[in-house]
Amino acid sequence: MTKRSLQSRATPWISAIVLFLLWEGIVRLFHIPDYVLPTPSASLEAAWKFRSAIWMHAAQTLYTTLFGFAIAVVFGVFLGALVGSSRAIYNAANPLLVGFNSVPKVALVPVLVMWFGIGTVPAVITAFIISFFPIVVNVATGLATLEPELRDVLRSLGATRTDILVKVGFPRALPYFFASLKVAITLAFVGSVISETVASNVGVGYLMLSASSKFNMPLVFAGLLVIAAMGIIMYEFFNIVERRSTRWANRANPTG
Amino acid sequence: MTKRSLQSRATPWISAIVLFLLWEGIVRLFHIPDYVLPTPSASLEAAWKFRSAIWMHAAQTLYTTLFGFAIAVVFGVFLGALVGSSRAIYNAANPLLVGFNSVPKVALVPVLVMWFGIGTVPAVITAFIISFFPIVVNVATGLATLEPELRDVLRSLGATRTDILVKVGFPRALPYFFASLKVAITLAFVGSVISETVASNVGVGYLMLSASSKFNMPLVFAGLLVIAAMGIIMYEFFNIVERRSTRWANRANPTG
Amino acid sequence: KAETPVKFSLDWKFEGHTAPYILAKKKGYFADEGLDVTIDSGNGSVGAITRVASGAYDISLADINSLVEFNASHPDQAMKSVFMVYDRPPFSLFMLKKSGITKPEDLKGKTLGAPVFDASRKLFPAFAKATGLSLDDVTWKSMDPPLREPMLVRGDVDAISGHYFTSVLNLENQGVKREDMVVFKYADYGLDFYGNGILASRDMMENHGDQLRGFLRALVKGWRDAIANPDEAIAALKEVDPLIDTDLETKRLNMVIEDNVITDEVLAHGMGPISNDRMAKAIEQVSLAFGLQNPPEVADIFTSIYMPGEADRKIK
Amino acid sequence: MSSSFVELNNVTLRYSEGDDLALDTTDMKIRKGEFIAVVGPSGCGKSSLLKLVSGLMPPSNGTVIVDAKEVAGPLKIVGMAFQNPTLLPWRTTLDNVLLPLEIVKPHRNRLRKHKQEYIERARDLLATVGLAGHENKYPWELSGGMQQRASLCRALIHEPDLLMLDEPFGALDAFTREELWDILQNLWLKRPFTVILVTHDLREAAYLADTVYVMSKRPGKILVARDNTLPRPRDQETTFTQPFTDLVHELRSHIRDVRAA
Amino acid sequence: MSSSFVELNNVTLRYSEGDDLALDTTDMKIRKGEFIAVVGPSGCGKSSLLKLVSGLMPPSNGTVIVDAKEVAGPLKIVGMAFQNPTLLPWRTTLDNVLLPLEIVKPHRNRLRKHKQEYIERARDLLATVGLAGHENKYPWELSGGMQQRASLCRALIHEPDLLMLDEPFGALDAFTREELWDILQNLWLKRPFTVILVTHDLREAAYLADTVYVMSKRPGKILVARDNTLPRPRDQETTFTQPFTDLVHELRSHIRDVRAA
Ligand SMILES: Nc1ncnc2c1ncn2[C@@H]1O[C@H](COP(=O)(O)OP(=O)(O)OP(=O)(O)O)[C@@H](O)[C@H]1O
Ligand SMILES: Nc1ncnc2c1ncn2[C@@H]1O[C@H](COP(=O)(O)OP(=O)(O)OP(=O)(O)O)[C@@H](O)[C@H]1O
Ligand SMILES: [Mg+2]
Ligand SMILES: [Mg+2]
């Protein structure tokens with residue numbers, strides 16, 4: 001038990017280290033110049049060198065991302081419930097949603113800047129609008145494919161639509177809700193960082209853009225690594241919540 | 001029957017028209033200047049005026065997007081199957097995937113351009129790397145939450161892992177696979193367009209960037225509308241395929 | 001006394017050439033004029049113009065040639081520049097010596113790289129006309145700004161366009177020595193454009209003229225101090241953006257000062273004003289390059305109403 | 001008194017256009033507090049009948065009337081044990097049994113305050129069906145018969161006016177089954193609610209029901225409505241009496257005829 | 001001959017650490033071609049026993065030997081009808097029945113070429129259990145009993161050497177059930193395979209099995225192994241003979257004792 005959990009805790013680290021070694025090896029072997037692709041060691045060095053600046057920028061990015069993501073979760077669940085519970089809304093809303101989401105959000109950032117100035121607000125909004133769609137889709141799919149047998153259990157009690165949603169719809173869709181959170185949080189990071197590169201004085205996006213205009217590619221990649229790390233931390237958080245709440249769905253997970 | 005299907009075919013159009021009217025109304029009411037947010041009518045006018053150029057750019061974007069998307073589907077299903085079928089791989093791969101996907105892909109385009117030159121290849125690759133993750137997540141979740149009762153049906157026949165995957169894993173995960181395709185195709189469009197804005201002489205991304213540098217915001221939004229339209233067309237295509245293949249999962253869909 | 005809040009958008013990120021504004025703020029020159037100025041980084045001239053046009057910002061730093069284009073496409077919202085910062089524009093083309101290109105005619109049949117929104121690229125038609133090239137003589141490849149210098153060094157393109165103080169430094173960073181570069185500065189080929197200037201929103205001009213004048217006075221003070229002591233300006237910049245490379249940005253600031261800001265004209269009359277004739281000619285060339293149907297008048301583009309007095313414009 | 005609690009008038013059911021009928025012109029009248037049983041060959045439409053009465057499905061033709069109102073949607077007075085246990089896999093057995101209390105008034109409003117009391121009630125109910133000690137297990141940790149018993153508890157917990165049981169004892173051994181007959185009978189004797197029981201066990205029908213309906217094979221149709229006047233309470237002894245055996249044999253021969261038809 | 005086809009030695013099963021035993025020291029020996037039945041109270045571990053023998057779960061202790069090899073994973077010679085029908089909802093009834101042929105050798109290699117022949121076989125099988133005309137329906141368009149019959153067909157189609165049936169007739173009316181007894185018996189008489197049948201119907205056990213095992217209540221343990229030497233083929237008449245009735249009564253009293261214990 002403890003041995004396995006130790007092992008399972010170690011694997012991501014091991015795979016990360018393997019990846020870094022591979023990356024370092026390839027860059028050195030092919031003499032790839034650092035303005036194309038810096039080595040991870042150079043990137044980590046840059047991260048260390050600029051740690052206090054990175055810390056400040058990362059905190060800002062984390063804050064805007066989580067803010068936007070939180071709105072996305074609330075809105076996504078709400079819209080997903082709406083879309084998933086009625087075919088008419090599904091038909092009306094889905095093409096528009098898909099159309100909207102096919103559009104690169106970076107094109108909308110300047111519009112946001114006109115209204116809100118540069119800084120936190122556009123980043124939060126960008127993180128929100130870029131990340132709510134996967135949640136909508138998975139929640140809607142979860143509700144639309146709810147087994148009629150389970151639905152009937154509640155209907156036979158004269159339950160309202162909301163009851164059905166709360167008591168069987170959401171719990172049933174929970175594994176996929178969490179799946180969509182994993183996608184959504186990564187997109188939220190992308191959104192806030194993109195917005196920061198276009199319109200902000202702070203945040204990892206600004207840091208990366210400013211580093212790249214100063215030829216400091218290792219610092220650019222340090223920024224990428226920091227985002228990746230924050231993404232992973234958020235993911236691990238959801239993972240823990242998920243494991244607690246969807247044990248039933250993984251009841252026969254092969255543990256091999 | 002026919003009446004309902006007619007109606008359900010009309011709803012997306014109606015909702016699109018309503019949205020356009022709203023948009024037009026708001027822009028006119030608040031006298032929003034066209035360099036902030038052009039009216040849909042101006043955008044459509046621009047689209048018509050530049051239709052031959054748009055046509056050429058759109059064809060390029062569609063081509064790169066679908067190419068990248070196709071790779072993403074194959075790779076995503078494969079990786080999803082791998083990740084979903086073993087906890088060890090799940091633990092090893094997931095944090096890396098999440099980290100990778102938290103990073104704005106636009107930061108990687110320059111690296112791709114260095115290797116592959118300007119044009120189609122980086123756009124295809126960007127479309128691919130931006131869109132495979134939702135597929136991985138949903139396929140993996142679908143496989144990991146497969147009801148053990150269904151799995152046991154196959155196991156009791158001495159089926160191999162592949163058999164189980166093919167005969168119950170995939171069919172069971174199909175609704176969520178399609179859900180992820182909807183997210184993935186929108187991301188693929190985003191990916192190729194972004195890559196085109198960074199380094200390309202063709203494609204809707206290039207068109208939009210060039211239009212925006214000439215203060216021609218209506219043309220920028222015409223580009224956005226074209227992307228949205230292509231996204232919707234692809235979505236409708238998957239929708240048809242999905243309806244044919246997952247009727248069972250929607251067997252009790254409320255048709256109200 | 002109560003300070004008037006002013007939102008000021010730069011044309012680009014916090015780099016050496018934006019240090020004077022930061023310095024002015026740090027030294028309290030804006031505050032002395034009763035202004036509480038917020039300085040935000042920008043994303044190119046297009047954004048800097050629309051930010052002010054839409055009222056999101058009160059003042060911005062932007063390329064005056066882009067303003068000509070904006071006014072031509074939005075005559076009802078036309079804006080005016082109130083102060084010229086770069087008396088000599090930084091528009092240039094860059095080649096490597098080993099390419100064998102030594103004069104503009106050698107560009108025939110070559111491939112050039114730059115983003116579509118790059119001012120030097122947009123003005124290339126004027127350069128071509130001035131040097132007897134035809135537009136079909138070259139092929140353009142579009143790419144993000146940071147990509148162009150590496151692409152040039154690797155030989156993916158034969159030449160690139162860009163601001164002098166950006167691309168020269170980028171190329172140096174790529175290991176290209178100054179003597180291995182060939183640079184065509186547009187200004188050396190009879191193209192008497194102006195460069196970046198200060199724009200103000202209509203509201204600012206109509207209702208807060210005094211504050212605008214004060215802003216410009218403070219701005220000149222910032223430049224004056226920066227010219228006198230570039231290191232101090234860069235130090236101020238570093239406080240805002242701790243990530244900057246001090247040596248690099250000092251170099252950049254010095255290049256801007258020498259190349260774009262300090263001209264004989266400016267030394268004589270101070271920073272800010274323009275010559276009507278020169279501007280008229282520039283507008284003509286710009287309109288040609290951009291294919292504008294009805295080129296604006298100088299008075300539509302620039303106004304001197306808010307220009308500080310000559311003594312307040314002296315930079316040395 | 002002829003005022004009936006549940007009434008089916010000329011009801012037919014077709015699952016989808018072009019399909020055969022699943023249920024053919026069915027008429028039924030069930031008094032308030034009556035205990036009826038429905039028997040018939042597999043696939044004849046018994047489960048469908050329950051879904052019609054509970055309002056889960058609308059009839060294709062005819063009307064279903066419950067408590068003097070035409071049924072237009074799911075009713076609120078029903079307790080239903082489906083043919084499959086259909087327990088919610090993310091809830092423990094106890095929580096599954098508590099589910100109706102979270103939905104049905106007046107319990108849903110009282111649940112918060114009287115939580116402990118309701119939990120006691122659920123535990124007691126689970127104990128009567130032999131599931132004491134399994135309250136905190138998840139449904140998939142229960143055997144088939146245990147799931148079925150939990151599902152029965154879920155149908156009973158909120159003391160519904162109309163109880164529908166679709167083969168509730170099918171997965172149980174004879175002794176457990178007969179114990180549960182008595183438990184059900186006692187509950188019903190204490191507080192007479194209306195029961196519709198679908199079963200394949202003719203002895204079960206004869207033991208529990210006031211009236212036994214025999215349905216024809218697909219498309220289902222009520223062929224016989226047999227009153228059962230055996231005295232209450234019935235017990236082990238009853239099953240050894242001649243009238244009981246006769247009734248079972250009569251039902252048996254009805255079914256044989258039905259199947260042969 | 002004492003060479004046994006299925007052998008359980010001292011098998012125990014515990015679902016998870018800290019849980020009670022689900023199955024206690026169980027020993028069994030089943031000859032090749034033997035037809036055995038397992039009866040016992042609900043929740044005693046009958047389904048678990050089947051899962052152990054088929055290799056779906058490993059025992060916590062002891063060994064399971066099938067065909068002279070220790071079982072280490074799912075076997076390839078098994079046909080299994082689970083307690084719940086577990087038909088795949090995305091396949092039609094016919095395709096569900098064809099499933100084993102797509103998996104099990106040698107059929108999986110022959111399926112492509114002889115598709116039509118196999119489909120005929122599946123249709124015939126479905127017709128014998130009374131599902132002719134329902135081949136192209138999806139499982140959720142079938143009634144409970146119909147699903148169970150389809151699941152039985154799925155267990156039989158590939159003619160497995162070891163057939164495991166977990167209450168295969170539980171959701172069927174008495175007559176359909178007895179018809180299926182005869183069908184199963186005939187198949188078995190034609191081509192003797194080994195059968196393990198779990199059932200609650202003692203008459204069913206007595207009618208079909210060579211040996212009837214009676215299990216104790218939880219934790220399950222084999223208490224009695226009763227040989228049944230009634231002559232084959234057995235038919236309706238057999239059920240009226242004294243030895244049959246005696247056997248049923250004997251089993252009944254075993255179970256009563258077990259439950260009382
Ligand atoms: N969802 C459905 N769609 C189409 N047909 C259905 C559906 N459900 C049931 N049927 C058909 O309706 C008929 C009656 O089904 P029902 O489930 O009511 O039978 P039943 O009497 O309960 O049978 P059993 O005793 O086997 O449970 C069957 O022939 C079945 O094929
Ligand atoms: N997945 C599981 N996890 C934990 N405990 C389980 C699991 N499956 C079954 N059990 C327990 O094991 C015991 C035996 O279950 P099993 O399903 O074998 O009983 P059974 O004899 O088939 O009963 P029934 O006749 O009711 O189907 C039960 O007490 C049950 O609670
Ligand atoms: Mg039924
Ligand atoms: Mg069982």
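All figures in this text were calculated on a predicted structure; none of them were measured in a lab. Here is the naming used below: chain letters follow the sequence lines, and residue numbers restart at 1 for every chain. Atom set for the values below is all heavy atoms of this structure, side chains included, hydrogens, waters and symmetry mates excluded.
E:I103 CD1 to B:R155 CZ: the interatomic distance, rounded to the nearest 0.5 Å, is 13.5 Å. Annotation: the span from B:T160 atom OG1 to E:K76 atom NZ amounts to 7.5 Å, rounded to 0.5 Å. A distance of 8.5 Å separates CD of B:E149 from OG1 of E:T86, quoted to the nearest 0.5 Å.
The neighbour count for B:F67 CZ, taken as heavy atoms of other residues, nucleotides or ligands under 6.0 Å away, does not exceed 12. Remark: B:Y63 OH is loosely packed, at most 12 non-hydrogen atoms of other residues, nucleotides or ligands lying under 6.0 Å away.
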Under 3.5 Å, which donor-acceptor pairs do the side chains of residues 33-41 of chain E form with other protein atoms, sequence neighbours left out?
| from | atom 1 | to | atom 2 | distance (Å) |
| --- | --- | --- | --- | --- |
| E:E34 | OE1 | E:R31 | N | 2.7 |
| E:E34 | OE2 | E:T211 | OG1 | 2.4 |

Listed pairs under 3.5 Å, donor-acceptor, residues 120-129 of chain B side chains, sequence neighbours left out:
| from | atom 1 | to | atom 2 | distance (Å) |
| --- | --- | --- | --- | --- |
| B:T120 | OG1 | B:Q60 | NE2 | 3.3 |
| B:T126 | OG1 | B:P122 | O | 2.5 |

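Of all heavy-atom pairs between E:F82 and B:D152, the closest is CZ-O, 3.6 Å. Of all non-hydrogen atoms in E:V104 and B:L157, the two that sit nearest each other are CG2-O, 3.8 Å. In this structure, B:R172 and E:W90 approach most closely via the heavy-atom pair CD-CZ3, 3.7 Å.
By the 4.5 Å heavy-atom criterion applied to side chains, B:V153 and E:L87 are not counted as neighbours. Between E:L88 and B:P171, the closest side-chain pair of non-hydrogen atoms is not below 4.5 Å.
The stretch residues 153-169 of chain E places E:R154, E:H158 near chain B, each with some heavy atom under 4.5 Å from a heavy atom of that chain. Proximity to chain B among residues 105-116 of chain E is limited to E:R108, judged by heavy-atom separations below 4.5 angstrom.
For E:L56, the parts sitting under 4.5 Å from any heavy atom of chain B are the backbone and the side chain alike.
Taking E:S54, E:S151, E:P100 one by one and counting their heavy-atom pairs under 4.5 Å with chain B, the maximum is reached by E:P100.
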